[in-house]
Amino acid sequence: YIPYSMAGCFPYLPLLVTVHTIITKKGEIMTHYDSSKKNEKISELAGVCRKNYNINPDLYAKYEVKRGLRDINGKGVLAGLTDISEVCSTKIVNGKEVPCEGQLFYRGINIKDIVNGFISEKRFGFEETVYLLLFGELPNKDTLEEFTEILAEFRKLPTTFVRDIIMKSPSDDMMNSLARSVLSLYSYDTLANDTSVNNVLRQCLELIAVFPLLSVYSFQAYSYYKNGESLFIHRPQPQLSTAENILYMLRPDSSYTELEARILDVALVLHAEHGGGNNSTFTTHVVTSSGTDTYSAISASLGSLKGPKHGGANIKVVQMFEDMKTSINDWTDESEVKNYLKALLHKNAFDKAGLIYGIGHAVYSISDPRADIFKGFVKSLSVEKGREKEFQLYSLVEKLAPEVIGQERKMYKGVSANVDFYSGFVYSMLDLPQELYTPIFAIARIAGWSAHRIEELINANKIIRPAYKAVAEYKNYLNLDER
């Protein structure tokens, strides 16, 4: 509803939007905005956009523009320096750069050593990883206990926040709910605009602690209002790890097995950071460089991560496999699986996008170390859940996809399974709703974003502003009656 007194402020709204109400499954009345009645006009205007926004692709080559800030081999344009993590996919042999098995380092420590370390000691590793990323060194036992206690103390929301923010106008997409909640927390912070390192560190630690609550509670509100499910809000338990608390708050009876919690913990560690050049982390650097507040910077990073080309890829993997399982008769028949993969590439299967989701990465070529680590745990979980046949299908696709892509496409570098290939399967075995797949990515990556925000504040002190080459032809302005 738009008051008559305000109608003059929005002269085009009547052309674009119709406002009416809908009744949910539980009988509540909710406002719904529908622009379908003016789609014809919008389509006409969109056609004007398409006509006047086209840039000749040849110009990118002419002016040596690296589209996507990467060259034809996938190597990123050097835009900054970071001490937080390193993504390695090549090595120098006889003076030449050649592909190698992928490696990932957090603060100079190999991710495989980090995971093997806390797994061998039968500990949860995400809290230790957060400390390492933020402070650049591994905590000793006393420091880790103290840090875990700090996170537990911060793992609470302002009074009535759940009722006033999360429960009102729940979104169909939890990433939007998460971003809205982050922006709303700005209003509860008396030092919201203070960008000193001390204050930003405090803000980041609070966000790291409450991201699981914001994500899970947003899903519970969505399930209640949109799906007619029962509503339950479990408070996090201070003695539990981040991974345990996610499962504790999400499930009606708060129950989970040790294997479930430990595999989710590994997933959080593997997604916590991935260099300064990935889309959402680069967003963190760009927005931080403007001098804005922490809540605005992190909400921008969430907007980036939401995109299906970034954080939403694992959902596509799960959906692709669901379609595959119904499209082929024998999951162990290599020729049948190959034919399905070819159909994907030729846009004749699944979403007809021409992609095999979960295969290939912007940097890695021979292997993604995160996928390598994940695979061993996935196998154990598939046995516990009785889904070994599906795991075997995943393994078969991982084996055949690079071969099929090599036959059907012109390749500039090798391809292999990435971390999204197995993460969606893991989450499905954990009975996590698909609506939370990307928020769980965010729960992990907030650690990396926080470290990069602090790094940008301490080292750069200069706004990021790359160049764009203008290619439009000059034209004369015409008076209205001459157009």
Using a 3.5 Å distance criterion without hydrogens, assess whether the side chain of [X] forms a donor-acceptor pair with backbone atoms of [Y].
{"X": "S280", "Y": "L305", "result": "no"}
{"X": "R180", "Y": "I165", "result": "yes"}
{"X": "H285", "Y": "G276", "result": "no"}
{"X": "S428", "Y": "F425", "result": "yes"}
{"X": "E455", "Y": "D83", "result": "yes"}
{"X": "N245", "Y": "Q237", "result": "yes"}
{"X": "S301", "Y": "A297", "result": "yes"}
{"X": "S367", "Y": "G102", "result": "yes"}
{"X": "R445", "Y": "L268", "result": "no"}
{"X": "T160", "Y": "R163", "result": "no"}

Is [Y] close to [X] at the side-chain level, that is, under 4.5 Å between some pair of heavy atoms?
{"X": "F154", "Y": "V210", "answer": "no"}
{"X": "L432", "Y": "L247", "answer": "yes"}
{"X": "V378", "Y": "M429", "answer": "yes"}
{"X": "I84", "Y": "T281", "answer": "no"}
{"X": "P158", "Y": "L185", "answer": "yes"}
{"X": "F282", "Y": "S304", "answer": "no"}
{"X": "L302", "Y": "W449", "answer": "yes"}
{"X": "P238", "Y": "R155", "answer": "no"}

Step through the shown structure and confirm whether more than 12 heavy atoms of other residues, nucleotides or ligands are within 6.0 Å of [atom1] on [X].
{"X": "L81", "atom1": "CG", "result": "no"}
{"X": "R123", "atom1": "CZ", "result": "yes"}
{"X": "N461", "atom1": "CG", "result": "no"}
{"X": "E258", "atom1": "CD", "result": "no"}
{"X": "E121", "atom1": "CD", "result": "yes"}

How close do [X] and [Y] get, counting heavy atoms only, and between which atoms?
{"X": "F211", "Y": "A442", "value": "CD2-O, 3.6 Å"}
{"X": "Y427", "Y": "I440", "value": "OH-CG2, 3.6 Å"}
{"X": "G312", "Y": "T438", "value": "CA-OG1, 3.6 Å"}
{"X": "S85", "Y": "G275", "value": "OG-N, 2.8 Å"}
{"X": "L430", "Y": "R251", "value": "O-NH2, 2.7 Å"}
{"X": "I373", "Y": "V115", "value": "CG2-CG1, 4.0 Å"}

| message | Among T294, D293, N193, exactly one meets side-chain hydrogen bond (donor to acceptor under 3.5 Å, both in side chains) together with Y186. Which residue is that? | response | N193
| message | Using a strict threshold of under 4.0 Å (side-chain N to carboxylate O), is an ion pair present between E435 and K226? | response | no
| field | Pair S450-L207, side chain to side chain contact (heavy atoms under 4.5 Å, CB included): steps then yes or no | value | CA-CA 9 Å; S450 298; L207 289 175; 5.9 Å; no
Just checking, any donor-acceptor pair under 3.5 angstrom between side chains of [X] and [Y]?
{"X": "N140", "Y": "T143", "answer": "yes"}
{"X": "E127", "Y": "T148", "answer": "no"}
{"X": "Q220", "Y": "H234", "answer": "no"}
{"X": "D173", "Y": "S171", "answer": "no"}
{"X": "N314", "Y": "Y357", "answer": "no"}
{"X": "E456", "Y": "T284", "answer": "no"}
{"X": "Y295", "Y": "D189", "answer": "yes"}

| task | Please test F421 against H361 for ring-ring contact (aromatic ring centres under 6.0 Å, His included), starting from the C-alpha separation and ending with a verdict. | result | CA-CA 11 Å; F421 186 79; H361 189 272; over 10 Å; no
Quick check for you: to the nearest 0.5 Å, what is the distance between [X] atom [atom1] and [Y] atom [atom2]?
{"X": "C204", "Y": "I446", "atom1": "SG", "atom2": "CD1", "result": "6.0 Å"}
{"X": "I463", "Y": "T288", "atom1": "CD1", "atom2": "OG1", "result": "11.0 Å"}
{"X": "Y225", "Y": "L231", "atom1": "OH", "atom2": "CG", "result": "7.5 Å"}
{"X": "S215", "Y": "M175", "atom1": "OG", "atom2": "CE", "result": "8.0 Å"}
{"X": "Y256", "Y": "D431", "atom1": "OH", "atom2": "CG", "result": "16.0 Å"}
{"X": "K375", "Y": "D368", "atom1": "NZ", "atom2": "CG", "result": "13.0 Å"}

| task | Step by step, work out the side chain to side chain contact (heavy atoms under 4.5 Å, CB included) result for T195 and N199. | result | CA-CA 6 Å; T195 58; N199 191 58; over 6 Å; no
| message | Pair D372, K112 - check side chain to side chain contact (heavy atoms under 4.5 Å, CB included), show working. | response | CA-CA 9 Å; D372 291 344; K112 291 185 177 180; 4.3 Å; yes
| said: Let's go through V471 and N56 carefully: what are the C-alpha distance in whole Å and the side-chain angles of both, what is the deciding distance for side chain to side chain contact (heavy atoms under 4.5 Å, CB included) to 0.1 Å, and is it a yes or a no? | reply: CA-CA 9 Å; V471 294; N56 185 345; over 6 Å; no
| Test applied, ring-ring contact (aromatic ring centres under 6.0 Å, His included); reference residue, H271; option that passes from Y106, Y422, F441, Y437 |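 Answer after filtering Y106, Y422, F441, Y437: F441.
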